[in-house]
Asker: 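I have a structure here, written as structure tokens, and I will follow up with some questions on it.
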Amino acid sequence: MVARAYTVAFQGVEARLVEVQCAIVAGLPAFNLVGLPDKAVSEAKERVRAALTAMGLALPAKRITVNLSPADLPKEGPHFDLPIALAVLAAMEAIPDDVASSHVALGELSLDGSLVAVAGALPAAMAAAEADCGLICPSACGAEAAWVGAVQVIAPTSLLALVNHFTGRAVIPPAQPGTLAE
């Protein structure tokens, strides 16, 4: 099974939709990330691994391949952490596949699983609205992203809070437009 999540890659001020595909198959344990990632994106696999461990989840002892499509579009920045984690969680069946694939996500993961603010929440929200998807971003970016209005914004403080939201344990209210922190 291939699980999917979505994010964006920035080209100037434009946010282009990127599909994050994850396949977990039998084989020697490995975590491969393909699709023209830069160094910050390549390091996402270690942040994802640490964040899942902090939640009490271990990656399966299988071959994990994450593809960032389209493969010819350069992927830059730590905002790919959250969508990669969502695709991996969906492939592990820890969250429903349909919720991961119905949102555009961006956010950097701390090693303890908390979400760190990233640049680009507003253009990402505009891309999510254009794709008729929801948006998931760190809580520090929620007020900015909610200004788009045409998209529902989920803004958790951590990966665990987001998993609890998707599994119905603790619902996160939609983010509201507000003033931006300086």
Asker: Taking all atoms of both residues into account, what is the closest heavy-atom pair of A124 and V104, and its distance?
Answerer: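 Looking at all heavy atoms of both residues, the shortest contact is O-CG1, 4.5 Å.
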
Asker: Under 4.5 Å between side-chain heavy atoms, counting indirect links through other Ile/Leu/Val/Met/Phe/Trp/Tyr residues: same cluster for V41 and V20 or not?
Answerer: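 Looking at the clustering, V20 is in the same group as V41.
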
Asker: Can you name the residues that form a side chain to side chain contact (heavy atoms under 4.5 Å, CB included) with A161, not counting sequence neighbours?
Answerer: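 Partners of A161 by the side chain to side chain contact (heavy atoms under 4.5 Å, CB included) criterion, ordered by chain and then number, come out as P156, T157, S158, I172.
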
Asker: Hey, what do you get for CD1 (I64) to NZ (K45), rounding to the nearest 0.5 Å?
Answerer: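 It comes to 10.5 Å.
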
Asker: Once salt bridge (charged side-chain N to carboxylate O under 4.0 Å, His left out) is applied, do any residues pair with E130, and if so which ones, sequence neighbours excluded?
Answerer: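 Expected list: none.
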
Asker: What heavy-atom pair brings H165 and V171 nearest, and what distance separates the two atoms?
Answerer: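 In this case the closest contact between H165 and V171 is ND1-CA, 3.5 Å.
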
Asker: Starting at CG of L106, measure out to CG of L115 and round the result to the nearest 0.5 Å.
Answerer: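 L106 atom CG to L115 atom CG measures 9.5 Å (nearest 0.5 Å).
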
Asker: Residues in side chain to side chain contact (heavy atoms under 4.5 Å, CB included) with A58, at least two apart?
Answerer: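 Counting only residues at least two positions away or on another chain, A58 forms no side chain to side chain contact (heavy atoms under 4.5 Å, CB included).
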
Asker: Do any N or O atoms from the side chain of T7 and from the backbone of A105 form a donor-acceptor pair under 3.5 angstrom?
Answerer: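 Confirmed, T7 side chain pairs with A105 backbone.
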
Asker: So, do V153 and C137 sit near enough that their side-chain heavy atoms are less than 4.5 Å apart?
Answerer: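 Yes, side chains in contact.
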
Asker: Give me each pair satisfying ring pair (Phe, Tyr, Trp, His ring centres under 6.0 Å) with a member in residues 114-142, each pair once, sequence neighbours excluded.
Answerer: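 Checked against ring pair (Phe, Tyr, Trp, His ring centres under 6.0 Å) - neighbours excluded - no pair reaches residues 114-142.
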
Asker: Determine, using the 4.5 Å side-chain heavy-atom cutoff (strictly less than), whether V18 and V66 are members of one ILVMFWY cluster.
Answerer: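 Same cluster.
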
Asker: Among all residues two or more places apart in sequence or in another chain, which pass the side-chain hydrogen bond (donor to acceptor under 3.5 Å, both in side chains) test with R16?
Answerer: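 Listed in chain order: Q11.
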
Asker: Strictly distance-based, threshold 3.5 Å: is any side-chain N or O of W147 a donor or acceptor partner for the main-chain N or O of Q176?
Answerer: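 No; judged by distance alone, with no hydrogens or angles, the pair does not exist.
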
Asker: Ignoring hydrogens, what is the shortest heavy-atom contact between A26 and R63? Give both atom names and the distance.
Answerer: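 Taking every non-hydrogen atom into account, O-CB, 4.4 Å.
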
Asker: Sort and list the pairs that fulfil ring pair (Phe, Tyr, Trp, His ring centres under 6.0 Å) and have at least one residue in residues 13-49, not counting sequence neighbours.
Answerer: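 Sorted result for residues 13-49: empty, none.
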
Asker: Sorted by first residue and then second, give each salt bridge (charged side-chain N to carboxylate O under 4.0 Å, His left out) pair with at least one member in residues 49-60; sequence neighbours left out.
Answerer: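 Residue pairs passing salt bridge (charged side-chain N to carboxylate O under 4.0 Å, His left out), neighbours aside: E46-R49.
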
Asker: Would you kindly confirm whether I95 and L57 end up in one hydrophobic cluster when ILVMFWY residues are joined by side chain heavy atoms under 4.5 Å apart?
Answerer: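 Yes.
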
Asker: Show me the donor-acceptor pairs, under 3.5 Å and distance only, between side chains in residues 70-92 and residues at least two apart or in other chains.
Answerer:
unit_1 : atom_1 : unit_2 : atom_2 : d
K75    : NZ     : G35    : O      : 2.6
K75    : NZ     : L68    : O      : 3.4
K75    : NZ     : P70    : O      : 2.6
K75    : NZ     : L73    : O      : 2.5
H79    : NE2    : V8     : O      : 2.7
D81    : OD1    : R47    : NE     : 3.4
D81    : OD1    : R47    : NH2    : 2.9
D81    : OD2    : R47    : NE     : 2.5
D81    : OD2    : L109   : N      : 3.0

Asker: For A15 versus P123, what's the shortest heavy-atom pair and its separation?
Answerer: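 Looking at all heavy atoms of both residues, the shortest contact is CB-O, 3.6 Å.
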
Asker: According to a hydrophobic-cluster definition based on side-chain heavy atoms being under 4.5 Å apart (Ile, Leu, Val, Met, Phe, Trp, Tyr only), do Y6 and L162 belong together?
Answerer: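 No, Y6 and L162 fall in different hydrophobic clusters.
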
Asker: Which atom names give the shortest non-hydrogen contact between A175 and G142, and what distance separates them?
Answerer: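 So the minimum-distance heavy-atom pair works out to CB-O, 3.7 Å.
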
Asker: Quick one: ring pair (Phe, Tyr, Trp, His ring centres under 6.0 Å) pairs with a partner in residues 91-135, sequence neighbours left out?
Answerer: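 Checked against ring pair (Phe, Tyr, Trp, His ring centres under 6.0 Å) - neighbours excluded - the pairs reaching residues 91-135 are H103-F166.
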
Asker: Is V99 linked to I24 within one hydrophobic cluster, defined over Ile, Leu, Val, Met, Phe, Trp and Tyr using a side-chain heavy-atom separation of less than 4.5 Å?
Answerer: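 Yes: a chain of side-chain contacts under 4.5 Å links V99 to I24.
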
Asker: Do L159 and L52 touch side chain to side chain, with heavy atoms closer than 4.5 Å?
Answerer: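 A side-chain contact under 4.5 Å exists here.
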
Asker: Looking only at non-hydrogen atoms, find the nearest pair between P37 and S42 and report the distance.
Answerer: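 Closest approach of P37 to S42: CG-OG, 3.6 Å.
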
Asker: Please name all residues satisfying side-chain hydrogen bond (donor to acceptor under 3.5 Å, both in side chains) with T53, sequence neighbours left out, ordered by chain then number.
Answerer: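 Once residues adjacent in sequence are excluded, T53 has no partner under the side-chain hydrogen bond (donor to acceptor under 3.5 Å, both in side chains) criterion.
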
Asker: Applying side chain to side chain contact (heavy atoms under 4.5 Å, CB included), name anything that partners Q21, two or more places apart in sequence or on another chain.
Answerer: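 V2, R4, E19, N67, S69.
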
Asker: Considering only residues two or more places apart or on different chains, which pairs with a residue in residues 23-33 satisfy side-chain hydrogen bond (donor to acceptor under 3.5 Å, both in side chains)?
Answerer: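 Found none.
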
Asker: Count the heavy atoms belonging to other residues, nucleotides or ligands that lie under 6.0 Å from CG of D98, then report whether that count exceeds 12.
Answerer: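 Counting neighbours around CG of D98, more than 12 heavy atoms of other residues, nucleotides or ligands fall under 6.0 Å, so yes.
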
